[in-house]
Amino acid sequence: MGTPEDDPPYALASGRIGAASVSFFGLAAAAPAVTLITLVPVALAAGSGPLVPLSFVALAVVLLLFCGGYAAMARRSPSAGAAYTQVARGLGRPAGLTTAWLAVTGYQAIQFGLYALAGAAATPLAQSWTGVTVPWWAGAAGCWALVALFGTMRIEVAAGVIGLLAVAEAAVLVGMGASNLLQPFGGRITLDSIRVDDPGLIDRPVLGLLLAAGVLAFAGFESTGNYAEESLRPKRSAGLGGYGSVVLVALLLGGLSWTMIVAAGPSRISAVADARGAELLFDLADERLLPWAVTLGRLILITSVLAGVLALHHAMARYLYAMGRDGVLPGVLAGTGRRTGAPRAASLTQSLIAGAALAGAYVAGADPGPVTARWMILGGALSILLLLLATSLAALLHLNRVPGDEGAWTRFISPLLSTVSLGSLVYLAFRDLPQILGLPAGYPLVRAVPAAIAGCVLLGLVHAAVIRWRWPVRYAGIGLGGTAVVVTPEKEKAPEIRIPQQRDPGVHRPERAANRRSPGPG
């Protein structure tokens with residue numbers, strides 16, 4: 001096993017993108033337009049009213065606390081593995097591998113949900129433009145082809161495409177929100193649209209459900225850490241991108257959900273949202289804007305889905321690349337393009353997996369719609385929520401176990417607050433899972449989601465155990481980004497060098513492993 005200097009094909013291209021591009025990757029992966037169409041109407045129909053925009057603001061504060069420890073860990077060890085690398089350093093190699101599988105499977109589920117949504121959104125748009133009925137799989141296949149194409153290109157090209165789509169999405173959403181504010185229900189904006197009259201009367205189960213479901217809408221922002229090695233400032237861009245994406249997502253979700261209340265009327269929003277459902281955003285715009293503007297809004301939904309799938313594709317490709325580089329997956333996944341510097345092999349592998357899944361759904365006669373897409377997106381986001389909790393806890397432990405130049409806020413207070421908050425949200429999410437999915441408690445899917453997540457955890461632990469038993473040197477390199485080589489020398493040749501053995505306390509943590517090489521011959 002060699003170092004990056006010995007194996008240049010295993011290195012990503014460095015210095016290609018800045019913090020703004022990283023933020024757009026996180027914004028696109030969170031897909032705020034999808035949340036405004038699939039989740040916000042459901043929350044408003046449940047009678048949450050002003051609590052919806054306020055909950056997005058509160059969750060943004062929690063996630064900004066998370067970004068403190070996340071950015072500090074990224075500064076110490078910028079890696080394409082992101083949470084995988086950070087958790088391995090803070091909680092140990094088995095936890096790191098488990099986190100990697102949670103990330104890959106969670107992003108896969110969200111991606112498949114977005115493909116289903118792309119197919120469902122393309123059908124009415126094609127019908128209105130051409131009069132031809134387009135099946136769902138055609139729209140999904142077109143989206144897949146574009147993602148497969150851009151997935152192997154230079155990262156700055158993909159960043160440009162995603163940035164353009166993200167800016168267009170934000171501009172259209174802001175335009176819709178502005179129209180809601182310019183023509184409010186009743187002719188004026190009242191404090192009732194944002195005011196909670198008596199906080200003591202808030203239904204706590206509803207609030208817990210709203211917070212648990214709301215945090216899932218931010219899933220994807222943490223993928224900013226995957227681009228640390230390719231950014232202009234590896235030790236800063238990923239952290240700044242995380243902060244930027246949280247703020248952008250919170251402004252769009254909180255602001256747009258509030259304008260929906262203003263447009264429909266605080267006293268009517270629950271009934272209107274229940275009657276309009278996923279069409280609430282477009283119906284409110286249809287009452288205030290010209291038909292072409294509403295059509296543009298529907299088109300931007302498809303481009304938002306495309307940007308989200310592309311961003312998730314890049315994040316998954318980098319997780320596969322990092323695992324291949326560490327030797328826990330086939331080394332071919334660590335191959336990069338000679339001219340592009342992109343993780344070409346991992347990207348093509350991810351495209352094949354997604355294409356096979358879509359082809360299987362077509363052969364099986366599946367006809368997924370917005371409801372199915374919502375189930376898959378929320379199920380995958382639950383996996384990412386566990387990833388956030390593990391990453392926050394890893395930052396808390398590692399930053400204090402191996403002190404650096406971080407202050408008390410970054411090292412202890414921020415990670416502690418985020419860990420407690422995210423732990424509470426994980427509890428609420430699994431407690432209220434039937435309500436989040438909109439299904440009866442005994443429905444098979446309600447049991448399948450936690451079972452699938454438990455399967456990912458078991459897969460990660462078993463995978464780590466097999467690597468540790470079969471390839472101990474590879475196991476020692478988990479979380480080190482392929483830069484450390486740990487070789488146990490023969491005692492008679494180098495008795496003074498001691499490499500930690502498996503039974504030594506703390507050897508499961510990468511920072512405890514001695515980054516030493518055995519002496520060469522002679």
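Along the sequence shown, residues carry numbers from 1.
Looking at W137, its side chain never comes within 3.5 Å of a backbone N or O of G119 through a donor-acceptor pair. Within the 3.5 Å criterion, the main-chain N or O of L284 finds a donor-acceptor partner in the side chain of R288. Side chain of T419 to main chain of P415: a donor-acceptor pair is present (N/O by atom type, distance under 3.5 Å, no hydrogens or angles). Distance alone, capped at 3.5 Å, places no donor-acceptor pair between the S237 side chain and the P234 backbone.
One finds the CG atom of L289 at 7.5 Å from the CD atom of Q183 (value rounded to the nearest 0.5 Å). Taken to the nearest 0.5 Å, the CG atom of L114 stands 9.5 Å off from the CE atom of M376.
Taking the charged nitrogens against the carboxylate oxygens, R276 and E287 do have a contact shorter than 4.0 Å, which makes a salt bridge. Salt bridge R16/E230: absent, no basic N to carboxylate O contact under 4.0 Å.
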(request) Starting from the C-alpha separation in whole Å, work towards a yes-or-no answer on ring-ring contact (aromatic ring centres under 6.0 Å, His included) for Y227 and F25. (result) CA-CA 9 Å; Y227 309 99; F25 270 107; 4.2 Å; yes
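A pairwise comparison of heavy atoms in L281 and M176 identifies CG-SD, 3.9 Å as the closest pair.
Relative ring orientation between Y443 and W375 is described as tilted, the plane-to-plane angle lying within the 30° to 60° band.
Evaluated for a side chain to side chain contact (heavy atoms under 4.5 Å, CB included) with V87, the options L102, T99, L393, L387 yield exactly one hit, T99.
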